[in-house]
Amino acid sequence: ADGDVSGVIATTQPASGVDVYMGIGSAREGVLAAAALGCIGAQMQTRLILRGDDDRNRAVQSGIQDFDRKYDVGDMASGELTFAATGITGGALLRGVRTVNRGTVTQSMVLNSASRTLRYVEAHHDFCAEMRFGPAQT
């Protein structure tokens, strides 16, 4: 909701005009951002920011013991990675869901670490297809 992940991904797009992203997001957004960056061989550095005892307890329950450690992409997302995102509302990276005559059009991005590719996918969702063709056969 805060745009943390899209802001990080914007640093990898030369046309975005974004060179560096700094912020305090949640660990979930950090892992998502690390997965996206890991797909294209980019890097990030991060540390845990603990806002109180609840954060500290969750970190301990997750197995974290060193609260001063600096994490990089490989610490947060490793191995063969695939990252996908679909725009819901329009933004700098993806168009939002658009309504057309009988359905919607969505735009997604898919990043893959094995091929180091970024693909954009435009999908046309026809809500009347079942009415015309009947239910799918299994």
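None of these values were measured; they are calculated from a predicted model.
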Provide the closest heavy-atom pair for [X] versus [Y] in the form atom of the first, atom of the second, distance.
{"X": "Thr12", "Y": "Ile9", "answer": "OG1-O, 2.6 Å"}
{"X": "Gly7", "Y": "Val18", "answer": "O-CG1, 4.3 Å"}
{"X": "Cys39", "Y": "Phe83", "answer": "SG-N, 3.9 Å"}
{"X": "Ala59", "Y": "Phe67", "answer": "CB-CE2, 3.7 Å"}
{"X": "Thr86", "Y": "Ser108", "answer": "OG1-OG, 2.6 Å"}
{"X": "Ser113", "Y": "Gly79", "answer": "OG-O, 4.0 Å"}

May I ask you to test the [X]-[Y] pair for a side-chain heavy-atom distance under 4.5 Å?
{"X": "Thr11", "Y": "Val20", "answer": "no"}
{"X": "Leu48", "Y": "Ile64", "answer": "yes"}
{"X": "Met109", "Y": "Leu94", "answer": "yes"}
{"X": "Thr82", "Y": "Val110", "answer": "yes"}

Margin query: Check this for me: does any side-chain nitrogen of one of Asp55 and Arg58 sit under 4.0 Å from a carboxylate oxygen of the other?
Written below: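 Yes.
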How many angstroms lie between [atom1] in [X] and [atom2] in [Y], if you round to the nearest 0.5 Å?
{"X": "Arg102", "Y": "Asp126", "atom1": "CZ", "atom2": "CG", "result": "4.0 Å"}
{"X": "Ile24", "Y": "Arg51", "atom1": "CD1", "atom2": "CZ", "result": "9.0 Å"}
{"X": "Ser6", "Y": "Leu32", "atom1": "OG", "atom2": "CG", "result": "11.5 Å"}
{"X": "Met76", "Y": "Leu37", "atom1": "CE", "atom2": "CG", "result": "9.5 Å"}

Note to self: Membership question, hydrophobic clusters at under 4.5 Å side-chain separation (ILVMFWY): are Leu111 and Leu81 in the same one?
What the structure shows: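 Leu81 does not cluster with Leu111.
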Margin query: Check for me, please, whether Val60 and Leu50 land in the same ILVMFWY cluster - side-chain distances under 4.5 Å, paths through other members count.
Written below: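 Yes.
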Margin query: Looking at Asn101, I want to see if its CG is surrounded by more than 12 non-hydrogen atoms of other residues, nucleotides or ligands under 6.0 Å.
Written below: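 Open: at most 12 neighbouring heavy atoms sit under 6.0 Å from CG of Asn101.
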Please tabulate, one pair per line, all N/O donor-acceptor pairs under 3.5 Å involving side-chain atoms of residues 114-121, not counting sequence neighbours.
unit_1	atom_1	unit_2	atom_2	d
Ser115	OG	Asn112	OD1	3.3
Ser115	OG	Thr117	OG1	2.7
Thr117	OG1	Arg119	NH1	2.9

Next item on the list: Under the side chain to side chain donor-acceptor pair (under 3.5 Å) rule, collect the residues that match up with Thr46, sequence neighbours excluded.
Entry: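 In terms of side chain to side chain donor-acceptor pair (under 3.5 Å), with neighbours along the sequence ignored, Thr46 is linked to no residue.
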Checklist line | Side chain Gln13, main chain Leu93, donor-acceptor under 3.5 Å | finding: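 Such a contact is absent between Gln13 side chain and Leu93 backbone.
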Next item on the list: Mind jotting down which residue pairs meet the salt bridge (charged side-chain N to carboxylate O under 4.0 Å, His left out) criterion with at least one end in residues 74-101? Sequence neighbours excluded, please.
Entry: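 Residue pairs passing salt bridge (charged side-chain N to carboxylate O under 4.0 Å, His left out), neighbours aside: Arg69-Asp75, Arg98-Glu122.
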Next item on the list: May I ask you to establish whether Arg47 and Tyr71 are in a cation-pi arrangement, using a distance under 6.0 Å from NZ or CZ to the six-membered ring centre and at most 45° from the ring axis?
Entry: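 No cation-pi geometry.
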